[in-house]
Amino acid sequence: MKRFRLFLACAAAMGALSASPCSRITYISDDSSEVIVGRTLDWRTPIPTNLYVYPAGMKKVSMPSGPRYEWVSKYGSVLAVGYDGGVTEGMNERGLVMNGLFCKTGSYRSDAVAPKGTPVVSLAVLVSYFLDNFATVDEAYEWFSKNDFAISGTTFDGGTVSQLHWAITDATGNTMFIEYEGGKTKLYRGRELQVLANDPGLPQMQAINAYWEGVGGVNMLPGTVRSADRFVRGTFFLRHTPGNLKGDVAVAALSTLMANVSVPYGYNVVGEPNVSMTQWRSMADLKRHVYYFRFTDNLGNFWIELDRLMLTPGSPVLKLDTSKHRAVYGCVNDRLRGAEPFTPMW
């Protein structure tokens, strides 16, 4: 597999909007009729997040200049955009969802120099690139096997390095994790990959989880908010969630799992920004193309139903300004307003 290369720059906020820590859980029903991805976003400083809906047919670039990708989006999508400058996560109209998670053990080739002409992708639009161009995990996996590109990233929040891993899930429940070890890209693919947290990497995390499986979760589970503990709790309770849940009940059940791996409001651990309070939670229903969102200081969920929106080429970009989110509940399609595309923090 060809390498990702991370080139660190020094703009202040870019990493935070793409690299915030979280927990991620995918519920797949026994008959595969339900595939729902839940995610928490945790960080020590506020990350203002608005929701955008982009139609298909938009011309985009991965960087403002230099070697880059240029494309026209095949699919419309709903995007969670931090600071109105970069995509944290999103889901496209085909039911492909992608989330970026902080991973402090990630090891990039930051000291490497990309061969001349290597395309560069900004963290601000990396998630959009995959949502715009692919409908399935297998398509994205095949693309990785044939393409090599560099990532333009930054430090943020007082010098924190933008170390990431990503998760992509499609409407069949197939998932791909993208991680980094010794400067090399590690791809893990399969329907069994249903839980992800921050660090360590997946093999080490699975080893920790195997220990706790031996202990037996009915008897005792790790209770801290650290990444490995959240992974263990999420895995245990997911495996003890009924596999025959449908529709709203499945969504509601997943929301209880996401609450279990959330960090209490206002809590943080000094020196560990990735074990700070949960700021918001999202759930993406990949079968019905509904994207649910809830700020932790809000009383309930609100959601966007993609199938009820115009996503064909030429349709307007829509935006939900969440600055007054405490008054928002339920389907917010009618609250979306025409807007200019966000300006990427390159």
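In what follows, every heavy atom counts, from backbone to side chain, and hydrogens, waters and symmetry copies are set aside.
Between the S29 side chain and the G243 main chain, no donor and acceptor come within less than 3.5 Å of each other. In this structure, E34 contributes its side chain and A250 its backbone to no donor-acceptor pair below 3.5 Å. A donor-acceptor pair under 3.5 Å is formed between the side chain of R230 and the backbone N or O of V225. In terms of modelled atom types and a separation under 3.5 Å, the side chain of N92 and the main chain of L131 share a donor-acceptor contact. Without hydrogens or angle criteria, S62 side chain to R68 main chain gives no donor-acceptor distance under 3.5 Å.
The pair D307-R288 does not count as a salt bridge, with every side-chain nitrogen at least 4.0 angstrom from each carboxylate oxygen. Ion pair D31/K246 flagged as a salt bridge, since at least one NZ, NE, NH1 or NH2 atom sits closer than 4.0 Å to an Asp/Glu carboxylate oxygen.
Under the side-chain contact (heavy atoms from CB on, under 4.5 Å) rule, W303 has a single partner from V290, N333, V332, which is V290. Applying the side-chain contact (heavy atoms from CB on, under 4.5 Å) test between Y27 and each of D285, V251, T241 identifies T241 as the sole match.
Residues W212 and F231 keep their aromatic ring centres 6.0 Å or farther apart. If you look at F130 and W166, their ring centroids are not closer than 6.0 Å.
Between Y129 and F134, the ring-plane angle classifies as perpendicular under the 30° and 60° cut-offs.
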Candidate pair D138 and R189, rule salt bridge (charged side-chain N to carboxylate O under 4.0 Å, His left out), full reasoning: CA-CA 9 Å; D138 288 344; R189 181 173 50 152; 2.9 Å; yes
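The ring-ring contact (aromatic ring centres under 6.0 Å, His included) search around Y291 returns none, not counting sequence neighbours.
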